[in-house]
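Take a look at the structure set out below.
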Amino acid sequence: MPKSAAKSIIFARSKSRGDKIPTSKIELIKGDITKITADAIVNAANSTLLGGGGVDGAIHRAAGPKLLAECAALGGCATGQAKITKGYNLPARSVIHTVGPVWSGGNHNEERLLADCYRNCLALAREHNLKSIAFPSISTGAYRFPIEPAAQIALNTVKICLEKDPGVLERIIFVLFSDSDLEVYQKSYRDSFPEG
Ligand code: AR6
């Protein structure tokens with residue numbers, strides 16, 4: 001397991017329409033999201049927002065107990081929705097907590113709900129005037145969403161949001177936890193952004 005976000009594998013620009021083109025950089029890296037310095041990192045939480053395993057556990061451990069205290073006052077979060085807190089001891093200023101769908105075979109709105117997670121995180125980032133945001137691969141661990149469609153949904157949803165609102169977010173980082181997940185995201189990236 002990598003100890004820190006090390007290599008920047010893809011570093012590309014997503015161009016919007018028009019002459020004066022504000023650009024957003026999308027990066028795919030392998031690493032530990034708790035080490036990322038950004039305006040916000042995203043937590044793949046559960047609906048209680050009271051912590052758990054996986055990336056959720058890692059974020060709470062690194063942020064310290066004040067994060068749990070703030071989360072406890074939020075009253076939970078529905079699947080597909082997102083809520084924001086401070087980052088406390090994390091290098092990231094804020095944490096955006098979102099609740100991905102549990103994979104139940106694919107006929108339970110899982111794809112739409114996963115897209116909602118990315119959309120709602122980006123909407124919160126915009127609302128709070130954040131310029132950089134790092135995502136883990138939401139739902140593809142304990143919630144068992146297959147990685148290939150999850151990567152496609154992640155990248156396509158971000159692409160659509162960037163096209164709608166060009167230049168609002170300067171940097172979007174996908175932090176993958178394994179080489180194989182990174183490879184899947186790289187392939188999806190090439191499909192979603194064929195222009196590079
Ligand atoms: N940095 C980046 N990615 C990570 C890290 C990390 N430090 N740790 C794990 N991952 P999961 P889910 C990857 O299970 O599927 C929790 O208990 C991991 O390898 O963390 O949305 C919550 O409380 C995988 O690729 O989230 C919920 O109950 C990805 O993050 C439930 O798990 C997501 O795996 C949410 O399940």
Side-chain angles (χ1 to χ4, degrees), residues 1-9 27-38 40-65 67-68 70-72 74-83 85 87-92 94-106 108-121 132-155 157-158 172-189:
M1 231 36 105
K3 285 219 167 56
S4 63
K7 40 188 180 168
S8 174
I9 302 295
E27 294 171 59
L28 309 185
I29 63 172
K30 188 176 93 171
D32 176 352
I33 203 166
T34 66
K35 305 283 199 291
I36 299 286
T37 301
I41 61 170
V42 171
N43 183 15
N46 60 62
S47 59
T48 69
L49 297 186
L50 297 178
V55 70
D56 193 5
I59 287 174
H60 275 275
R61 277 193 300 279
L67 179 62
L68 185 59
E70 186 177 356
C71 284
L74 293 176
C77 182
T79 304
Q81 301 300 304
K83 293 194 176 176
T85 63
Y88 298 100
N89 297 336
L90 289 163
S94 322
V95 180
I96 297 179
H97 307 261
T98 190
V99 182
V102 177
W103 181 259
S104 313
H108 296 81
N109 282 324
E110 292 97 325
E111 298 197 343
R112 182 181 58 74
L113 289 165
L114 186 61
D116 285 349
C117 288
Y118 287 96
R119 248 193 310 274
N120 286 320
C121 287
S132 54
I133 184 169
F135 286 100
S137 181
I138 300 164
S139 277
T140 63
Y143 283 178
R144 303 182 313 272
F145 203 117
I147 184 82
E148 283 87 2
Q152 263 169 19
I153 289 164
L155 287 158
T157 307
V158 166
I172 298 101
I173 311 147
F174 288 95
V175 184
L176 290 321
F177 213 42
S178 67
D179 284 322
S180 59
D181 285 358
L182 178 63
E183 277 163 28
V184 172
Y185 270 69
Q186 283 177 301
K187 184 179 177 312
S188 283
Y189 179 90

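Each ligand, and each atom within it, is numbered from 1 in the order the structure gives. Model, not experiment: these values are computed from the prediction. Computed from heavy atoms alone, side chains included, the values below leave out hydrogens, waters and symmetry copies.
- Counting atoms of ligand 1 from 1 in the listed order, those under 4.0 Å from a heavy atom of Asp56 are 22 (C), 23 (O).
- For ligand 1, the polar-atom distance check against Gly141 finds a nitrogen or oxygen pair separated by under 3.5 Å.
- Smallest separation of non-hydrogen atoms from Cys77 and Val99: O-CG2, 3.6 Å.
- Just one residue in the list Thr98, Val158, Asp116 forms a side chain to side chain contact (heavy atoms under 4.5 Å, CB included) with Cys121, and that residue is Thr98.
- Nearest-heavy-atom check against atom 28 (O) of ligand 1 across Tyr143, Phe174, Phe177 picks out Tyr143.
- Taking only nitrogen or oxygen atoms, main chain and side chain alike, Ser137 does not reach within less than 3.5 Å of ligand 1.
- Considering backbone and side-chain N/O of Thr34, none are found under 3.5 Å from N/O of ligand 1.
- Residue-to-ligand polar distances keep Ile138 apart from ligand 1: every N/O pair is separated by 3.5 Å or more.
- Counting all heavy atoms, side chain and backbone alike, Asp56 lies closest to Asn43 at OD1-ND2, 2.7 Å.
- Atom numbering of ligand 1 starts at 1 in the shown order; those under 4.0 Å from a heavy atom of Asp181 are 25 (O).
- Residue nearest to atom 2 (C) of ligand 1, selected from Thr140, Leu114, Thr48, Ile33: Ile33 (by heavy-atom distance).
- Ring-plane geometry between Phe174 and Tyr118 is classed as tilted, the angle between the planes lying from 30 to 60 degrees on a 0 to 90 degree scale.
- Scanning all protein heavy atoms for the shortest distance to atom 16 (C) of ligand 1 gives Gly53 O, 3.4 Å.
- Close approach to Ala44 involves these atoms of ligand 1, each under 4.0 Å from a residue heavy atom: 21 (O), 22 (C), 26 (O), 35 (C).
- For ligand 1, the atoms sitting less than 4.0 Å from at least one non-hydrogen atom of Asp32 are 1 (N), 6 (C), 7 (N), numbered in the order shown with element in parentheses.
- Which parts of ligand 1 touch Gly31 is read off a 4.0 Å heavy-atom cut-off, strictly below it: atoms 1 (N), 2 (C).
- Heavy atoms of Ile59 found under 4.0 angstrom from ligand 1: none, in either backbone or side chain.
- Residue Gly52 approaches ligand 1 through these ligand atoms, each under 4.0 Å from one of its heavy atoms: 17 (O), 23 (O).
- Ranked by closest heavy atom to atom 20 (O) of ligand 1, the top entry among Leu176, Val55, Ile29, Ile147 is Val55.
- In terms of N/O distances under 3.5 Å, ligand 1 is approached by Ala142.
- In plain terms, the two heavy atoms of Leu28 and Tyr189 that are nearest each other are CD1-CB, 3.8 Å.
- Residues that satisfy the side-chain contact (heavy atoms from CB on, under 4.5 Å) test with Gln152, not counting sequence neighbours, are Ser188.
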